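Worksheet: one structure, shown below.
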Amino acid sequence: MGSRRDAFHTPPAPGCAESPVVGVDACRTGWVAVTLDGEGRFAGADTAGALSELLGRVPDAAVVAVDMPLGLLAEGWREAEALARAKVAPHGSRVFPVPPREVWEADDHDDANRISQRLTGQKVNSQTWGLAAKLREANACRDGGDHRLYEVHPEVSFAALDEGRPVSWSKKSWNGQAVRRRLLEARGIVLPDDLGAAGRVPPDDVLDAAAAAWSARRVAPGPPGAFPTRLR
């Protein structure tokens, strides 16, 4: 009988066999990345202040999955977030709404609120607006020609890792981090205790990056579980 790791081994996406993939999450000091080798196993972790710098360090990566909205609408709300919230119910608050493009181009939070109120009838909370700089950065990288970038949501990834069941514990809690680490290990992604410089990043961000890397292995021209965004 095969091991649990073998039983749950995730095949690489078409065209990505033997190529590494990367998962990226935003963190206080910039960005953190987890790389998986061609067999889908942990190959390294890294951190950098700029996403472009991090991407430049992984030129051989076939896919880079990032926990950040990519592609913004001219008006209205993206369908992707509504579908993601349904996937992680009853923990829908873990998925923040993504307002239209013009909101993210605002100079400050007050300006963003005025624009969002006009376009959607709702304001933008502080937590959502706090991601503005990194959201712009990630979209600039993709719009600048790095088509390896794909948007993922780690909470949806962790639910998929557990046959559609979202993790009930908060990712900030001891229990929540232990559960998420076990789910990754069951798929052959074993994070070492010493991650070097990346080990200074909060553990929930590292775990999110690892889950994003697992999803990167699943990305294909028609990736399973992809959520439409009605991009314009």
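The shown structure was predicted, so the numbers you read here are calculated from the model rather than taken from an experiment. Heavy atoms only: backbone and side chains are in, while hydrogens, waters and symmetry mates are out. Start at 1 with the first residue, then count along the sequence.
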ask   = Would Arg181 and Asp193 count as a salt bridge (charged side-chain N to carboxylate O under 4.0 Å, His left out) if you check the C-alpha gap in whole Å, the side-chain angles of each, and the deciding distance to 0.1 Å?
value = CA-CA 11 Å; Arg181 195 167 180 179; Asp193 292 337; 3.1 Å; yes
key: Verdict with reasoning, Leu55 to Trp31, per side-chain contact (heavy atoms from CB on, under 4.5 Å)   = CA-CA 10 Å; Leu55 294 172; Trp31 303 85; over 6 Å; no
key: Verdict with supporting geometry, Leu207 and Leu184, side-chain contact (heavy atoms from CB on, under 4.5 Å)   = CA-CA 9 Å; Leu207 290 167; Leu184 291 166; 3.9 Å; yes
query = After noting the C-alpha distance and the side-chain angles of Asn113 and Trp129, does the key distance pass the side-chain contact (heavy atoms from CB on, under 4.5 Å) rule?
reply = CA-CA 9 Å; Asn113 273 331; Trp129 178 247; over 6 Å; no
inquiry  = Quick one, Leu183 with Val167, criterion side-chain contact (heavy atoms from CB on, under 4.5 Å). Give me CA distance, side-chain angles, the key distance, then yes/no.
reply    = CA-CA 10 Å; Leu183 288 172; Val167 179; 3.9 Å; yes
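The backbone N or O of Val124 lies less than 3.5 Å from a partner atom in the side chain of His109, making a donor-acceptor pair. For the pair Ser116 (side chain) and Ala112 (backbone), a donor-acceptor distance under 3.5 Å is absent. Judged by distance alone, the side chain of Arg217 and the main-chain N or O of Gly38 form a donor-acceptor pair under 3.5 Å. Between the side chain of Arg187 and the backbone N or O of Trp214 there is no donor-acceptor pair closer than 3.5 Å. Between the Thr35 side chain and the Val22 main chain, no donor and acceptor come within less than 3.5 Å of each other. A donor-acceptor pair under 3.5 Å is absent between the side-chain atoms of Arg78 and the main chain of Leu73, judged by distance alone. A donor-acceptor pair under 3.5 Å links the side-chain atoms of Asn139 to the main chain of Pro69, judged by distance alone.
In terms of heavy atoms, Ala62 sits closest to Ser19 at CB-CB, 3.8 Å. Minimum interatomic distance between Ser173 and Ser170 (heavy atoms only, all atoms of both residues): OG-O, 2.7 Å. Contact record, Thr128 with Pro97: CG2-O, 3.8 Å, taken as the closest heavy-atom pair.
With a 4.5 Å cut-off on side-chain heavy atoms, Gln122 and Trp77 count as touching. Side-chain contact between His91 and Ser168 is present, with heavy atoms from C-beta onward closer than 4.5 Å. Taking the side chain as every heavy atom from C-beta outward, Ile189 and Leu36 approach each other to under 4.5 Å. Counting only heavy atoms from C-beta outward, the side chains of Pro99 and Trp104 approach each other to under 4.5 Å. A heavy-atom distance below 4.5 Å is found between the side chains of Pro100 and Thr120.
The environment of Lys123 atom NZ is sparse: at most 12 non-hydrogen atoms of other residues, nucleotides or ligands sit within 6.0 angstrom. The environment of Arg165 atom CZ is dense: over 12 non-hydrogen atoms of other residues, nucleotides or ligands sit within 6.0 angstrom.
Between Asp25 and the choices Asp208, Asp204, Val201, the side-chain contact (heavy atoms from CB on, under 4.5 Å) rule is met once, by Asp208. Screening Leu51, Thr47, Asp67 for a side-chain contact (heavy atoms from CB on, under 4.5 Å) involving Val24 leaves a single residue, Leu51.
Looking at residues two or more places apart in sequence or on another chain, you find no side chain to side chain contact (heavy atoms under 4.5 Å, CB included) involving Ala133. Arg148 meets the salt bridge (Lys or Arg N to Asp or Glu O under 4.0 Å) test with Asp146; sequence neighbours excluded.
A salt bridge links Glu53 with Arg57: at least one charged nitrogen is closer than 4.0 Å to a carboxylate oxygen. Taking 4.0 Å as the cut-off between side-chain N and carboxylate O, Glu155 and Arg180 count as a salt-bridged pair.
Note that CD of Glu105 and CD1 of Ile115 are 8.0 Å apart. Values are rounded to the nearest 0.5 Å. Distance check: Asp111 CG to Glu102 CD gives 8.5 Å after rounding to the nearest 0.5 Å.
No chain of hydrophobic side-chain contacts below 4.5 Å, direct or via other Ile, Leu, Val, Met, Phe, Trp or Tyr residues, connects Leu131 to Val152.
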